[in-house]
Undergrad: 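A single structure is presented below for examination.
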Amino acid sequence: MDIGIVGLGRMGLNMAIRLSRGGHRVLVSNRSQGPIDTAVEAGAEGTESVGDLIGKLESPRVVWLMLPAGQVTDDHVDEALEYLEDGDILVEGGNTRWTDTLARAERARGRGVHYVDAGVSGGVWGLENGYSIMFGASDHAAERITPVIQTLAPSPEAGWGHVGPTGAGHFTKMVHNGIEYGMMQAFAEGFAILDAKKDWGTNEAGDEITADLDLGQIASLWREGSVVQSWLLDLIAEALVERPGLKAVAPHVPDSGEGRWTVEAAIDLGVPATVIAASLFARFSSRDETQFASRVLSAMRGQFGGHPVKGDSGVDGEYADQISDAGTVEIIPGGVRTEGAASR
Ligand SMILES: O=C(O)[C@H](O)[C@@H](O)[C@H](O)[C@H](O)COP(=O)(O)O
């Protein structure tokens, strides 16, 4: 069938290619020309603008926006609605906040345009493996877009679904990503514990035995037969085998909003989401350069207990007077060991 794809970033370009390979007539529009050329090589037709793309589609038209969530998507929804007509379908496949989707669907309804919100998972691997697609739509729009969904999905029968009315697609994808945060955090913490373990007691001669665990080996062996086997684990195994220690990766984890919205939804609905909330806050901690909360904690301990307080440059800090009273400070895994410290 005819479909127009607007936005040829990491996701949109691969989706356009997969749809072209699947035999659909795919028209593409993008701000820069390079991705258009790549899509055209794969069988798509390039266009000059959103208006040009919509003008060349057969009615009733199906236009799929695949853009970064937020203002860019909002602007393109309005632009597309200028050209779309009664009975046309506008699909929005970004990681959009579901409440924004409802507002945009309202604007589309005012022009007689069916609005479909598609949660699309699979990342850069989707081109070859297919995308998991969860979409919200009216029954009419769902039926009309099913042929393209089946081509994008891992198979025509599986990995996709019409999950509810408009809004339900992005709501479902939001929760999917909340789960993703929790699973990622659990794997990350498990491997951090494995990485920290070095001491294995003493041998018969009384010598201490120390040895690092091979995390790449452990991740790889878990891939087959273990309860925690998963695609995320596959990716961890590849990363740890190729880059042991991950020294080139900064311990700084961004987020695009889905985890925050999942926690907000949990609060609105009164549903406990302890793991997802903790994993979201762990990402915030990774970016907290000031570590102010930890400074407050350490200062309080120093004040109420006379416990040693480590300064920014070793033991010489703002609380150096307390430190000298307390003795030397040594940071050890799992806590602070002090020598000669007056303790209560
Ligand atoms: O299902 C997926 O394919 C991913 O979830 C994908 O959508 C993307 O990689 C996340 O949006 C990253 O989200 P954060 O930036 O919030 O980690």
Undergrad: Measure the CD1-OG1 distance between Ile36 and Thr47 for me, rounded to the nearest 0.5 Å.
TA: 6.0 Å
Undergrad: At what distance, to the nearest 0.5 angstrom, does OH of Tyr131 lie from OG1 of Thr151?
TA: 12.5 Å
Undergrad: Is the closest side-chain heavy-atom distance between Val120 and Met66 below 4.5 Å?
TA: yes
Undergrad: For the side chain of His176 and the backbone of Thr172, is there at least one donor-acceptor N/O pair under 3.5 Å apart?
TA: no
Undergrad: If we only count heavy atoms from C-beta on, is the Asp139 to His162 side-chain gap below 4.5 Å?
TA: yes
Undergrad: Checking Ser132 side chain against Ser121 main chain: does a donor-acceptor pair fall under 3.5 Å?
TA: no
Undergrad: If hydrophobic clusters are built from ILVMFWY residues whose side chains come within less than 4.5 Å, do Val163 and Ile145 share one?
TA: no
Undergrad: Let me confirm one number: the CG-CD distance from Leu269 to Glu264, rounded to the nearest 0.5 Å.
TA: 11.5 Å
Undergrad: Could you check whether the rings of His114 and His140 sit parallel, tilted or perpendicular, using 30° and 60° as the cut-offs?
TA: tilted
Undergrad: Atom NZ in Lys198, atom OG1 in Thr210: separation rounded to 0.5 Å?
TA: 9.5 Å
Undergrad: Ignoring hydrogens, what is the shortest heavy-atom contact between Ala69 and Asn95? Give both atom names and the distance.
TA: CB-O, 3.3 Å
Undergrad: Decide side chain to side chain contact (heavy atoms under 4.5 Å, CB included) for Asp2 and His24; before the verdict, give the C-alpha distance in whole Å, the side-chain angles of both, and the deciding distance to 0.1 Å.
TA: CA-CA 6 Å; Asp2 264 27; His24 297 280; over 6 Å; no
Undergrad: With distance as the sole test, does Arg144 use its side chain to make a donor-acceptor pair with the main-chain N or O of Pro60 at under 3.5 Å?
TA: yes
Undergrad: So, Asn203 side chain and Ala205 main chain: donor-acceptor pair closer than 3.5 Å or not?
TA: yes
Undergrad: Check for me whether the distance between the ring centres of Trp222 and Phe191 falls short of 6.0 Å.
TA: yes
Undergrad: Looking at Glu48, I want to see if its CD is surrounded by more than 12 non-hydrogen atoms of other residues, nucleotides or ligands under 6.0 Å.
TA: no
Undergrad: Give the cluster check for Met134 versus Val116: same hydrophobic cluster or not, with ILVMFWY residues linked at side-chain heavy-atom distances below 4.5 Å.
TA: no
Undergrad: Any cation-pi pair here, Arg104 with Tyr115, using under 6.0 Å and within 45°?
TA: no
Undergrad: Flag yes if Phe135 and Leu102 sit in one hydrophobic cluster, no otherwise; membership is Ile, Leu, Val, Met, Phe, Trp, Tyr, and two members link when side-chain heavy atoms are under 4.5 Å apart.
TA: no
Undergrad: Backbone N or O of Leu81 within a donor-acceptor pair of the Arg111 side chain at under 3.5 Å?
TA: yes
Undergrad: Report the C-alpha separation of Val91 and Leu65 in whole Å, then their side-chain angles, then the decisive distance to 0.1 Å, and conclude whether the side chain to side chain contact (heavy atoms under 4.5 Å, CB included) test is met.
TA: CA-CA 6 Å; Val91 186; Leu65 303 182; over 6 Å; no
Undergrad: Would you check, one step at a time, whether the test salt bridge (charged side-chain N to carboxylate O under 4.0 Å, His left out) holds for Glu45 with Lys56?
TA: CA-CA 10 Å; Glu45 294 172 37; Lys56 288 176 174 161; over 6 Å; no
Undergrad: Do Ser226 side-chain atoms and Arg223 backbone N/O form a donor-acceptor pair below 3.5 Å?
TA: no
Undergrad: What verdict does the salt bridge (charged side-chain N to carboxylate O under 4.0 Å, His left out) test give for Arg287 and Asp255, after you've listed the backbone C-alpha separation in whole Å, the side-chain angles of each residue and the deciding distance to 0.1 Å?
TA: CA-CA 11 Å; Arg287 309 196 294 255; Asp255 74 290; 2.9 Å; yes
Undergrad: Counting N and O atoms only, with roles assigned by atom type, does the side chain of Glu238 sit under 3.5 Å from a partner on the main chain of Leu240, one being a donor and the other an acceptor?
TA: no
Undergrad: Evaluate the ring planes of Trp98 and Phe171, with Trp represented by its six-membered ring, and classify them as parallel (under 30°), tilted (30 to 60°) or perpendicular (over 60°).
TA: perpendicular
Undergrad: If I compare all heavy atoms of Pro165 with all of Asp117, which pair ends up nearest, and what's the gap?
TA: O-OD1, 4.3 Å
Undergrad: Tell me, do Val6 and Val63 make a side-chain contact under 4.5 Å, heavy atoms counted?
TA: yes
Undergrad: Does Val50 belong to the same Ile/Leu/Val/Met/Phe/Trp/Tyr cluster as Ile89, with side-chain heavy atoms less than 4.5 Å apart forming each link?
TA: no
Undergrad: Run the side chain to side chain contact (heavy atoms under 4.5 Å, CB included) test on Met15 and Trp64 for me, step by step, so that the C-alpha distance in whole Å, both residues' side-chain angles and the decisive distance to 0.1 Å come before the verdict.
TA: CA-CA 10 Å; Met15 288 165 69; Trp64 189 308; 3.6 Å; yes
Undergrad: Run the numbers on Ile17 and Leu127 for side chain to side chain contact (heavy atoms under 4.5 Å, CB included), then give the verdict.
TA: CA-CA 7 Å; Ile17 294 171; Leu127 173 60; 3.7 Å; yes
Undergrad: So which heavy atom on Asp199 is nearest to which on Lys197, and how close?
TA: O-NZ, 2.9 Å
Undergrad: Are side-chain heavy atoms of Leu84 and Arg61 found at a separation under 4.5 Å?
TA: yes
Undergrad: Does one side chain, of Gln150 or Thr146, offer a donor that lies under 3.5 Å from an acceptor on the other?
TA: no
Undergrad: How close do Leu57 and Gly4 get, counting heavy atoms only, and between which atoms?
TA: CD2-N, 3.7 Å
Undergrad: Parallel, tilted or perpendicular, judged at 30° and 60°: which one describes the rings of His307 and Phe304?
TA: perpendicular
Undergrad: Does CH2 belonging to Trp231 count more than 12 external heavy atoms closer than 6.0 Å?
TA: yes
Undergrad: For Ala142 versus Ala137, what's the shortest heavy-atom pair and its separation?
TA: N-CB, 4.1 Å
Undergrad: Same cluster or not: are Met183 and Leu235 linked, directly or through other Ile, Leu, Val, Met, Phe, Trp or Tyr residues, by side-chain heavy atoms under 4.5 angstrom apart?
TA: no
Undergrad: What closest approach, in Å, do Leu8 and Ser29 show between heavy atoms, and which atom pair accounts for it?
TA: CG-O, 4.2 Å
Undergrad: Taking Val113's backbone N and O only, do any of them form a donor-acceptor pair with Asp88's side chain (distance below 3.5 Å, no angle check)?
TA: no
Undergrad: I'd like to check Pro154 versus Trp160 (side-chain heavy atoms, cut-off strictly below 4.5 Å). Are they in contact?
TA: no
Undergrad: Check whether any side-chain heavy atom of Met1 sits under 4.5 Å from a side-chain heavy atom of Arg25, and report yes or no.
TA: no
Undergrad: Please check this pair: side chain of Lys247 against backbone of Val249, looking for a donor-acceptor N/O pair closer than 3.5 Å.
TA: no
Undergrad: Under a plain distance cut-off of 3.5 Å, with no hydrogens placed, do Asn30 and Ser32 share a side-chain donor-acceptor pair?
TA: yes
Undergrad: Side-chain contact test, heavy atoms from C-beta onward, threshold under 4.5 Å: evaluate it for Arg260 versus Phe284 and give yes or no.
TA: yes
Undergrad: Counting only N and O atoms by type, is there a donor-acceptor contact under 3.5 Å from the side chain of Thr262 to the main-chain atoms of Met174?
TA: yes
Undergrad: Can you tell me if Thr96 and His170 form a side-chain donor-acceptor pair at under 3.5 Å?
TA: no
Undergrad: When you compare the side chain of Ile3 with that of Leu19, does any pair of heavy atoms fall below 4.5 Å?
TA: yes
Undergrad: Mind checking the CD-CZ spacing from Gln291 to Arg295? Nearest 0.5 Å is all I need.
TA: 8.0 Å
Undergrad: Measure the spacing between CD of Gln217 and CG of Leu194 and express it to the nearest 0.5 Å.
TA: 11.0 Å
Undergrad: Any chance you could lay out the side chain to side chain donor-acceptor pair (under 3.5 Å) test for Thr290 and Asp288, step after step, and finish with the verdict?
TA: CA-CA 6 Å; Thr290 67; Asp288 177 9; 3.1 Å; yes
